[in-house]
Structures are given as C-alpha cells and as structure tokens.
Amino acid sequence: FSFLAGSYIVGTGSASGTTIDGLAFPGSFGGGTLLGGGLRSKYGVVKVYSVGVYAEKVPSKMDGLISGSMKKALLLRFHRGVGADAVAGALKDALVPRLGAKGANSFKDALDKAMGGDVAKGDSLSFACKGSSMSISLNGGGGASLSGKACESLFDVYLGKDPISKEAKQGVAAAFG
C-alpha cells in the first residue's frame, strides 16, 4: 500500500480492500469500486474518520463523479467516538451553501435517524447513491433515505472546490490520472 499525506493512492490496494490511515476499507461497496480516500481531521491533528470514495465507473473528470448518476458511495470509518450532534451538525453546516437551510436540515434529520445516537470508535457510516436517491446507514443497519440534490451536494463537500478533507480529494484525484 502507498500513502501520501493520509491519502489512499488508487491502484495500490487489493481487490479485497485496503487501509486508509490505518482503517480497513473493502475493495467494493455500494455497487462501486474503491477509487481512493483520506483522513478527515479536526484542527489538523485530531483524527476523526477516514473516508473511502466508491463508484461503479470512473468518469473522465472529478466533476462527473460529483454530479454523475451512477452508483457511488462514501464510507466513513471512525478513528474515535463522536457525538451524533457533532457529526450531523458538521455535515449539515457544510451542506447549507449547497442545499440551503431547509435541504440541509432534511439531510441532518435523515442522518440523525440513521445514526440513532453517537458514533463509536470503529463504526462505519455510509452514504450510498444512485441517481438522486441516497441511503444512509450506520454499520450496515437500518437507516434513512433522501432524494433530490443531497447526493451530489455531499460528494461536492468531499470532492468539490473547497473539500472538508483535502486528503480524501487528493486520494480520489489519482483515479483521474
């Protein structure tokens, strides 16, 4: 495996999976193949979670991954326990400029329902998309669903112009050569 600044570099893992900043990620998830990922930290020092980005196909540009209707997923694996309010609140805040307050609040409500409480160290939180439909799940259990622009907006949070994890974007960018 190869790592660069907390990023998983595409093509260095195996079909069965790899690790991103010390956490195991499957080679495929949510109907897609692992493209890359990286660490999400707080204040640049506290490891919060690592994120893996999956897609059923690699579009020609990163924008195609953000806005594309193919099966794609984000898988967050937590390095530490985090309060439900902190997780949902941070993602909601990042989504407000993309979805507006009403859309971001709907996302937060669905995420709160899927999490059902705090996230523990080692937990996995997934966002699986197909078209405009998103399914949210904690540790593969029952979850919540959304439709509309939530999927495109969440992928933009991680892979757009101002990503919340530069390491994750860098790890995925390698898939685009």
Side-chain angles (χ1 to χ4, degrees), residues 7-8 10 13 17-18 20 23 25-38 40 48-78 84 87-116 119 123-176:
S7 300
Y8 165 67
V10 178
T18 192
I20 300 174
L23 296 176
F25 282 79
S28 61
F29 181 81
T33 302
L34 181 64
L35 301 180
R40 169 73 167 124
V48 180
Y49 60 83
S50 289
V51 57
V53 179
Y54 296 80
E56 69 179 337
K57 63 181 179 177
V58 180
S60 60
K61 296 181 186 177
M62 183 85 75
D63 287 347
L65 180 57
I66 294 169
S67 63
S69 62
M70 78 288 276
K71 287 183 182 178
K72 56 189 176 184
L74 296 169
L75 180 61
L76 284 57
R77 301 278 330 275
F78 285 80
V87 175
L91 288 173
K92 180 194 119 190
D93 290 348
L95 288 167
V96 167
R98 295 159 176 91
L99 291 175
K102 184 177 178 182
N105 282 327
S106 294
F107 176 88
K108 182 186 180 299
D109 291 345
L111 182 54
D112 283 337
K113 178 182 175 191
M115 289 189 305
V119 177
D123 277 355
S124 296
L125 181 61
S126 64
F127 303 90
C129 302
K130 174 68 173 139
S132 64
S133 297
M134 175 190 283
S135 175
I136 306 169
S137 177
L138 181 66
N139 297 322
S145 297
L146 284 169
S147 60
K149 291 278 192 183
C151 188
E152 179 178 341
S153 297
L154 188 61
F155 269 76
D156 187 61
V157 164
Y158 285 93
L159 304 175
K161 291 180 181 167
D162 188 23
I164 63 171
S165 171
K166 290 181 182 3
E167 291 88 353
K169 183 176 179 178
Q170 183 181 16
V172 173
F176 296 91

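We use all heavy atoms of the structure for the numbers below, so side chains are in, but hydrogens, waters and symmetry mates are not. The model shown is predicted, which means the values in this text are computed figures rather than measured ones.
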Disulfide bond (SG atoms under 2.5 Å apart): pairs with one or both residues in residues 128-161, sequence neighbours excluded = Cys129-Cys151
Would you name the heavy atoms of [X] and [Y] that are closest together and state the gap between them?
{"X": "Ile20", "Y": "Val51", "result": "CD1-O, 3.7 Å"}
{"X": "Met134", "Y": "Phe127", "result": "SD-CD2, 4.0 Å"}
{"X": "Ala144", "Y": "Lys113", "result": "CB-CD, 4.1 Å"}

Contacts table for residues 67-77: side-chain donor-acceptor under 3.5 angstrom, sequence neighbours left out:
residue : atom : partner : partner atom : Å
Ser67   : OG   : Asp63   : O            : 2.9
Lys72   : NZ   : Leu65   : O            : 2.7
Lys72   : NZ   : Ile66   : O            : 2.8
Lys72   : NZ   : Gly68   : O            : 2.9
Arg77   : NE   : Ser124  : OG           : 2.8
Arg77   : NH1  : Ala24   : O            : 2.5
Arg77   : NH2  : Gly122  : O            : 3.3

For residues 146-161, the side chain to side chain donor-acceptor pair (under 3.5 Å) pairs (sequence neighbours left out) are Tyr49-Tyr158, Arg98-Asp156, Lys149-Glu152
Just grab all the side chain to side chain donor-acceptor pair (under 3.5 Å) pairs involving residues 129-139, residues at least two apart or on different chains.
-> Asp123-Asn139
Check the pair Asn105, Val96 against side chain to side chain contact (heavy atoms under 4.5 Å, CB included), reporting the backbone distance first and the verdict last.
-> CA-CA 8 Å; Asn105 282 327; Val96 167; over 6 Å; no
Give, for atom OG of Ser28 and atom CD of Glu56, the distance between the pair rounded to the nearest 0.5 Å.
-> 12.5 Å
Between the CG atom in Leu95 and the CZ atom in Phe107, the distance rounded to the nearest 0.5 Å is 5.5 Å
Please name all residues satisfying side chain to side chain donor-acceptor pair (under 3.5 Å) with Lys169, sequence neighbours left out, ordered by chain then number.
-> none
Identify, with sequence neighbours excluded, every residue that meets side chain to side chain donor-acceptor pair (under 3.5 Å) alongside Asp109.
-> none
Is a side-chain N or O of Arg40 found less than 3.5 angstrom from the main chain of Ile164, in a donor-acceptor match?
-> yes
Which residues satisfy the ring-ring contact (aromatic ring centres under 6.0 Å, His included) test with Tyr54, sequence neighbours excluded?
-> Phe29
Could I get the full list of salt bridge (charged side-chain N to carboxylate O under 4.0 Å, His left out) partners for Lys92, not counting sequence neighbours?
-> none
Hey, mind stepping through Phe155 and Val172 against side chain to side chain contact (heavy atoms under 4.5 Å, CB included) and telling me if it holds?
-> CA-CA 12 Å; Phe155 269 76; Val172 173; over 6 Å; no
For Ala84, enumerate each residue passing the side chain to side chain contact (heavy atoms under 4.5 Å, CB included) test, keeping only those at least two apart in sequence or located in another chain.
-> Met115, Asp118
